[in-house]
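These numbers were taken from a predicted model, which means no experiment stands behind them. One-based numbering along the sequence shown. For ligands, and for the atoms within them, numbers begin at 1 and follow the listed sequence.
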Amino acid sequence: MKILGIETSCDETAAAVVETSSDNSHVTLLSNSISTSMNLHAKTGGIIPEIAARNQSKYIIPVIYDALTQAQISFKRGQAPDIDAIAITYGPGLIGSLLVGVETAKTLSWIWDKPLIPVNHLFGHIYANWVETPTQSYSPILFPLIALIVSGGHTDLVLMKSHQDISWLGGTRDDAAGEAFDKVGRLLGFPYPAGPAIEEAAKLGDKKAYTFPRPLLYDKAFDFSFSGLKSAVLRQTEKLSDIPKEKNSLAFATQDAIIEVLVKKTLSAAQKHNAKSIIISGGVAANQTLRDAFKEALHKEDRTISFFVPERKLCTDNAAMIASAAFFKKTEVSSWKDLTANPELYFD
Ligand code: KG4
Ligand code: ZN
């Protein structure tokens, strides 16, 4: 079975084709096409929804065409391509952006007469872990598992007892982890999105120079709070006469605080629920220091839990994860008329 995924919930315009494995345990990446307007947003230090949606409406068709071509799907003008379903992100996200993808997917589903499978973007991030790529082969992910979604908009802990039995354990009460990276980054003068820049700068920082608070670290609920971090960094910078000189050390302390909270809370959720696996995903999961911190913590504290993280390019927004989630969710709409974009969608 081949699924065309489409993702336009934030600033990316993405399309990908995946094929299901013969034993139905995972999907294999056949193509992954992404166009981003990030360079335009970098100038303004954040995403401007109108600019994102305008670019998406320009690039959606070329990106889908590219994904089908890269996947070597036979595809002639006026004929439906050789795919079995279309998967589309219908929320959460920016309404203008979501509409570009949703309306395109509805149109294609109707004219090509293909099933349409709506996907929650958050489940998409989770299911990036079930995508095999040419450089990362799939190894079985055992249930029960704890999934940590860490992106620019979300920080959530989810318990999965199976593909059908999924429950939300907790999430951020204010800023998401990626948002904390981006807001501190803006304060320190790093380009947007600041996560990768903070990660690089942190390598050059003095590890002992600063320590920032770890909110809710020992709280029993599996909630997070990162908004205080930005204020703590701001207070620290107000005391400094030469901020640029301290940028790297402040970046280190910021990243260290975020990582310690993410790793400790995920591990304690895993131990509480006797998880066999921890899987992480979302843009922040691209952070190598975070990936290493998880591996080190599990090596030291619990070698019975296996750790999984998608290839870096599948951590940030992409359409392969949407196609993968669609395969495991298998809930197509009976008609394109039944699908509406939902910017407020949470865990359904
Ligand atoms: O998943 P994503 O592409 O979009 C959302 O669904 O939000 O995540 C984007 C977020 C941004 O906040 C960005 O700063 C963060 O992921 N990010 C990182 C890294 N790469 C991207 N954060 C920390 N370290 C990184 N290497
Ligand atoms: Zn995302």
Side-chain angles (χ1 to χ4, degrees), residues 5-14 16 32 34-38 41-42 45-47 49 52 56 89-94 97-98 101 119-129 147-156 158 171-172 175-188 190-203 205 224 226-227 229-230 251-263 280-294 309-322 324-325 343 345-347:
I6 301 173
E7 152 66 42
T8 62
S9 65
C10 195
D11 65 304
E12 269 88 13
T13 313
N32 187 29
I34 304 180
S35 153
T36 172
S37 52
M38 196 53 85
H41 304 301
I47 292 169
Q56 283 162 323
T89 305
Y90 73 112
L94 304 169
S97 296
L98 286 167
V119 173
N120 180 324
H121 181 80
L122 301 172
F123 285 113
H125 274 304
I126 290 177
Y127 278 98
N129 280 288
L148 170 72
I149 306 165
V150 264
S151 69
H154 301 275
T155 304
D156 292 293
V158 175
T172 185
D175 290 352
E179 198 175 350
F181 271 105
D182 296 338
K183 285 184 174 169
V184 171
R186 185 196 284 232
L187 205 72
L188 298 177
F190 288 108
Y192 177 86
I198 289 190
E199 183 178 9
E200 281 312 303
K203 291 178 188 158
F224 300 88
F226 290 111
S227 64
L229 190 56
K230 185 193 58 193
F252 174 84
T254 301
Q255 177 174 269
D256 200 47
I258 295 174
I259 289 181
E260 186 178 353
V261 175
L262 294 176
V263 173
I280 68 167
S281 53
V284 179
N287 185 297
Q288 190 59 45
T289 319
L290 174 69
R291 297 153 86 104
D292 293 343
F294 264 108
V309 59
E311 199 176 304
R312 287 177 125 205
K313 67 170 189 271
L314 297 183
C315 286
T316 45
D317 287 351
N318 65 87
M321 66 186 198
I322 303 303
S324 173
L345 184 69
Y346 216 58
F347 278 92

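- Close approach to Gly153 involves these atoms of ligand 1, each under 4.0 Å from a residue heavy atom: 7 (O).
- Looking at Glu179, its side chain does come within 3.5 Å of a backbone N or O of Ala176 through a donor-acceptor pair.
- Formation of a donor-acceptor pair under 3.5 Å by the Gln56 side chain with backbone atoms of Glu12 is found in this model.
- Checked against a 3.5 angstrom limit, the closest N/O atoms of Arg312 and ligand 1 fall outside it.
- A donor-acceptor contact shorter than 3.5 Å is absent between the side chain of Thr155 and the backbone of Thr172.
- Residue contacts with ligand 1 for His125 involve side-chain atoms from C-beta outward but no N, CA, C or O (heavy atoms, distance under 4.0 Å).
- Taking CG from Asp11 and CG from Asp317, the interatomic distance works out to 7.5 Å, rounded to the nearest 0.5 Å.
- Residue contacts with ligand 1, taken as heavy atom pairs separated by less than 4.0 Å, involve His121 solely via side-chain atoms from C-beta onward.
- Taking only nitrogen or oxygen atoms, main chain and side chain alike, Glu199 reaches within less than 3.5 Å of ligand 1.
- Remark: aromatic rings of His154 and Tyr346 are close, center separation under 6.0 Å.
- Proximity of a side-chain donor or acceptor of Arg291 to a complementary backbone N or O of Ala285 within less than 3.5 Å is detected.
- The closest protein non-hydrogen atom to atom 2 (P) of ligand 1 is Asp317 OD1, 3.5 Å.
- Nearest-heavy-atom check against atom 16 (O) of ligand 1 across Gly195, Gly283, Gly124, Pro193 picks out Gly283.
- In terms of N/O distances under 3.5 Å, ligand 1 is not approached by Phe181.
- Every residue meeting the salt bridge (charged side-chain N to carboxylate O under 4.0 Å, His left out) condition with Glu260, not counting sequence neighbours, appears here in chain and number order: Arg214, Lys264.
- Each of the following atoms of ligand 1 lies closer than 4.0 Å to a heavy atom of Thr316: 3 (O).
- Of the candidates Ala180, Gly152, Pro92, it is Gly152 that places a heavy atom closest to atom 9 (C) of ligand 1.
- Screening Asn129, Thr316, Asn318 against Pro310 for a side chain to side chain contact (heavy atoms under 4.5 Å, CB included) leaves a single residue, Asn129.
- Looking only at heavy atoms of the protein, atom 24 (N) of ligand 1 is closest to Asn287 ND2, 3.0 Å.
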Open item on the list: Walk me through whether Thr89 and His121 qualify under side-chain hydrogen bond (donor to acceptor under 3.5 Å, both in side chains).
Closed with: CA-CA 6 Å; Thr89 305; His121 181 80; 4.5 Å; no

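- Among the atoms of His125, an N, O or S atom falls under 2.8 Å of the Zn ion (ligand 2).
- Counting only heavy atoms of the protein, atom 11 (C) of ligand 1 lies nearest to Asp182 OD2, 3.5 Å.
- In this structure, CG on Leu345 lies 10.5 Å from OG on Ser9, to the nearest 0.5 angstrom.
- Of all the atoms in ligand 1, the ones that sit under 4.0 Å from a non-hydrogen atom of Gly178 are 12 (O).
- Centred on the Zn ion (ligand 2), the OD1 atom of Asp317 and the NE2 atom of His121 lie at an angle of 100°, reported to 10°.
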